[in-house]
S.K.: 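I am attaching a structure below and will ask some questions about it afterwards.
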Amino acid sequence: MTFEESVSVPAGGAALTGDLRVPEPAHGVVVFAHGSGSSRHSPRNRGVAAYLEASGLGTLLMDLLTEEEDRVDEVTREHRFDIPLLGERVVAAVDWLGTHPVTGRLRPHLFGASTGSAAALVAAAARPERVASVVSRGGRPDLAGDALQQVRAPVLLVVGGHDESVLDLNRQAAAELSAPCHLHVIPGATHLFPESGALDQVAVAARDWFLAPGEPPHGEEGPR
């Protein structure tokens with residue numbers, strides 16, 4: 001049986017819309033932080049979330065911007081790279097899950113995509129006692145800045161082998177992280193992992209990391 005609920009997460013003066021799904025039993029709950037220009041309806045994140053749920057992990061997919069903020073951002077793009085704001089909202093989700101009757105007993109994990117990866121890392125740095133692990137998919141962890149050195153949770157950086165510029169940025173961010181970190185390269189994949197089977201490999205790697213944080217999946221680059 002799976003608990004399902006449409007939720008409103010309070011974050012400062014904002015109310016963020018989300019979809020919470022928690023299987024029984026659950027081994028943890030994963031907060032999804034989507035990337036720039038995306039939302040909780042991202043088919044890529046929903047595909048990964050469905051796989052995690054089938055593996056016994058709860059999921060919270062939520063919008064990091066309100067509807068009004070999203071309308072403004074479509075024109076000005078002023079919010080999608082506001083990493084401090086987005087990070088605060090992921091922190092709000094982590095705190096809210098701790099008060100929810102279904103998820104209060106579960107350790108939260110974070111799954112960030114694109115700029116959402118930086119927001120996830122900022123939140124992990126802000127809540128070291130709560131966040132169990134972080135996975136970044138095609139992310140920009142470099143945008144987390146000084147927060148990288150404050151992260152304590154194990155971090156998995158998943159990047160496509162043909163996403164060369166982002167791969168370089170992830171290597172740089174990995175060097176800044178003091179937490180356990182593994183860079184997992186999916187050969188032949190590009191930024192959004194549209195290649196056949198590529199997103200499935202992301203889902204499997206994320207599942208394995210969330211269930212055993214710090215135990216790296218097979219990849220081109222080993223742990224450090």
Side-chain angles (χ1 to χ4, degrees), residues 21 23 26-35 38 42-61 90 106-121 123-124 131-144 148 151-177 179-224:
R21 290 175 54 87
H27 307 294
V29 58
V30 180
V31 179
F32 280 74
H34 59 75
S38 189
S42 162
R44 288 174 293 277
N45 280 353
R46 286 198 169 269
V48 173
Y51 184 82
L52 297 180
E53 291 158 17
S55 302
L57 290 159
T59 61
L60 173 62
L61 291 112
V90 179
L106 301 175
R107 287 288 301 280
H109 304 261
L110 306 180
F111 182 97
S114 189
T115 54
S117 298
L121 289 163
V131 174
S133 69
V134 181
V135 171
S136 164
R137 171 182 65 80
R140 290 293 308 276
D142 55 296
L143 295 177
L148 286 173
V151 174
R152 296 294 174 263
V155 178
L156 177 67
L157 305 172
V158 184
V159 188
H162 287 172
D163 193 8
E164 295 178 2
S165 61
V166 171
L167 181 55
D168 286 341
L169 292 169
N170 274 255
R171 289 192 179 108
Q172 295 169 26
E176 293 291 323
L177 282 161
C181 173
H182 181 80
L183 179 59
H184 181 64
V185 180
I186 296 182
T190 52
H191 186 58
L192 296 179
F193 300 91
E195 295 78 16
S196 177
L199 199 60
D200 293 338
Q201 293 182 61
V202 173
V204 171
R207 186 266 324 263
D208 292 349
W209 193 262
F210 291 142
L211 293 179
E215 293 293 328
H218 297 294
E220 291 184 356
E221 304 200 15
R224 59 163 192 81

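Values reported hereafter were calculated over all heavy atoms of this structure, with side chains retained and with hydrogens, waters and symmetry mates removed. Position 1 is the first residue of the sequence, and the numbers go up from there. Small disclaimer: the values here were computed from a predicted structure and weren't measured.
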S.K.: Testing the basics here: between Gly112 and Ser117, what is the closest heavy-atom pair and its distance to 0.1 Å?
M.R.: O-OG, 2.8 Å
S.K.: For Ala123 and Val90, work out which heavy atoms get closest and say how close.
M.R.: CB-CG1, 3.5 Å
S.K.: May I ask you to test the Leu57-Val29 pair for a side-chain heavy-atom distance under 4.5 Å?
M.R.: no
S.K.: Determine, step by step, whether Leu148 and Leu121 satisfy the side-chain contact (heavy atoms from CB on, under 4.5 Å) criterion, reporting the C-alpha distance in whole Å, the side-chain angles of both residues, the deciding distance to 0.1 Å, and the verdict.
M.R.: CA-CA 7 Å; Leu148 286 173; Leu121 289 163; 3.8 Å; yes
S.K.: Walk me through whether Ile186 and Phe193 qualify under side-chain contact (heavy atoms from CB on, under 4.5 Å).
M.R.: CA-CA 9 Å; Ile186 296 182; Phe193 300 91; 4.0 Å; yes
S.K.: Please give me the minimum heavy-atom distance between Ala113 and Asn45, naming the atom from each residue.
M.R.: CB-OD1, 4.2 Å
S.K.: Under 3.5 Å, is there a donor-acceptor pair between the Asp163 and His191 side chains?
M.R.: yes
S.K.: Where is the tightest heavy-atom contact between Thr190 and Glu195, given as atom of each residue plus distance?
M.R.: OG1-OE2, 2.6 Å
S.K.: Mind listing the closest non-hydrogen atom pair of Ala144 and Ala118 along with its distance?
M.R.: N-CB, 3.7 Å
S.K.: Cut-off 3.5 Å, side chains only: do Asn170 and Arg140 have a donor facing an acceptor?
M.R.: no
S.K.: Would the distance check show the side chain of Ser136 and the main-chain N or O of Leu157 forming a donor-acceptor pair, the cut-off being under 3.5 Å?
M.R.: no
S.K.: State whether a side-chain donor-acceptor pair under 3.5 Å links Ser133 with His109.
M.R.: yes
S.K.: Using the rule given for side-chain contact (heavy atoms from CB on, under 4.5 Å), can you reason through Val48 versus Phe32, listing the C-alpha separation, both sets of side-chain angles and the distance that settles it, and then say yes or no?
M.R.: CA-CA 10 Å; Val48 173; Phe32 280 74; 4.2 Å; yes
S.K.: For residues 205-216, which residue pairs qualify under side chain to side chain donor-acceptor pair (under 3.5 Å), counting only residues two or more places apart or in two chains?
M.R.: Tyr51-Arg207
S.K.: Closest approach of Ala124 and Leu110, non-hydrogen atoms and distance?
M.R.: N-CD1, 4.0 Å
S.K.: Give me the one residue out of Arg21, Arg46, Glu53 that meets side-chain hydrogen bond (donor to acceptor under 3.5 Å, both in side chains) with Thr59.
M.R.: Glu53
S.K.: Would Leu177 and Val151 count as a side-chain contact (heavy atoms from CB on, under 4.5 Å) if you check the C-alpha gap in whole Å, the side-chain angles of each, and the deciding distance to 0.1 Å?
M.R.: CA-CA 7 Å; Leu177 282 161; Val151 174; 4.0 Å; yes
S.K.: Quick one: does Leu156's side chain get under 4.5 Å of Val134's, heavy atoms only?
M.R.: no
S.K.: What distance separates Leu167 CG from Gln172 CD, expressed to the nearest 0.5 Å?
M.R.: 10.0 Å
S.K.: Taking the side chain as C-beta and beyond, is there a heavy-atom pair between Leu106 and His27 under 4.5 Å?
M.R.: no
